[in-house]
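First the structure, in the form of structure tokens, and then the observations on it.
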Amino acid sequence: MKSTDEMTYFGIVHQVPILQYEGFDYLMDLLRQKKCKSFLEIGTAIGRTALQAASLDPEMKVVTIEKNPDMAKEARQNIESHPNGNQVLLIEGDARETEIPSGPYDVIFIDAAKGQYRRFFERYAPMLAEDGLIVSDNMNFHGLVQHPERTKNRHTRALIRRINDYRAFLDGLEEYETTLLDVGDGLAVTRRKTDV
Ligand code: SAH
Ligand code: MG
């Protein structure tokens, strides 16, 4: 079994974009505070966040989706050798189209291809528990969202636009309210409005 630190180290060495420490700690605190029992993660990478979430509570059930077969393989090994691995259901496939248990999920964590966040949100928000939270990672994209002039790369610029579009999309939702947090790479925390 790999420890969380070892998985973090593996992620850094292999340049897997695992959640940065600050965001990771914040998310774990949030799961604890919410007494989250069902957690959906879009974008498993090597399973570090999924396994840590499972470790928080013996009643926690985690569903996590990963489309890259190499990542999924590494994640599966980590899950199978982890004492809390039986609480984690890894679904291999593209989160835009995979079928998953319908929930409801107390917390949904969107942490996959940045250009597709809106698709993920629209697809999975109906599975959110009444008082659940949707957390979206990488809302600052290494500070580039605030400073797009720092890159000339067209692909990167296009992604920055997509993140801004997503932030505007969240902002415009009538039934949800979103708080943007400057932790880690920027987290958006979205909840259903109670007064609609
Ligand atoms: N949540 C992980 C980090 C995920 S990194 C953690 O906290 O450590 C983003 C992952 O999303 C990558 O492994 C990438 O392969 C995966 N991904 C990208 N697009 C996806 C999609 N459409 N469906 C499922 N997984 C996707
Ligand atoms: Mg991320």
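Quick note: residue numbers are just sequence positions, from 1. For ligands, and for the atoms within them, numbers begin at 1 and follow the listed sequence.
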Relative to the Mg ion (ligand 2), which of the N, O or S atoms in Asp111 is the closest? OD1

In Asp137, what N, O or S atom is nearest to the Mg ion (ligand 2), if we give its atom name? OD2

Give the atoms of ligand 1, by number and element, whose distance to some non-hydrogen atom of Ala45 is under 4.0 Å. 2 (C), 3 (C), 4 (C), 5 (S), 13 (O)

From [atom1] ([X]) to [atom2] ([Y]), nearest 0.5 Å:
| X | Y | atom1 | atom2 | answer |
| --- | --- | --- | --- | --- |
| Tyr124 | Ile134 | OH | CD1 | 12.0 Å |
| Gln87 | Leu56 | CD | CG | 9.5 Å |
| Leu133 | Leu187 | CG | CG | 11.5 Å |

Result of checking His82, Arg48, Gln52 against Thr4 for side chain to side chain donor-acceptor pair (under 3.5 Å): Gln52

Does the pair Asp29/Arg32 count as a salt bridge with the N-to-O cut at 4.0 Å? yes

In terms of residue, atom name and distance, what is the protein heavy atom nearest to [atom]?
| atom | result |
| --- | --- |
| atom 23 (N) of ligand 1 | Ala95 N, 2.9 Å |
| atom 9 (C) of ligand 1 | Asp111 O, 3.1 Å |
| atom 17 (N) of ligand 1 | Ala112 CB, 3.6 Å |
| atom 18 (C) of ligand 1 | Ala113 N, 3.4 Å |
| atom 6 (C) of ligand 1 | Thr49 OG1, 3.3 Å |

Return yes when [X] approaches ligand 1 closer than 4.0 angstrom through a heavy atom, no otherwise.
| X | result |
| --- | --- |
| Asp137 | no |
| Phe24 | no |
| Ala50 | no |

Answer yes or no as to whether an N/O/S atom of Asp185 is found below 2.8 Å from the Mg ion (ligand 2). no

Relative to ligand 1, is Ile46 under 4.0 angstrom through side chain, backbone, both or neither, heavy atoms considered? neither

Pick whichever of Glu66, Lys67, Arg96 has a heavy atom sitting closest to atom 14 (C) of ligand 1. Glu66

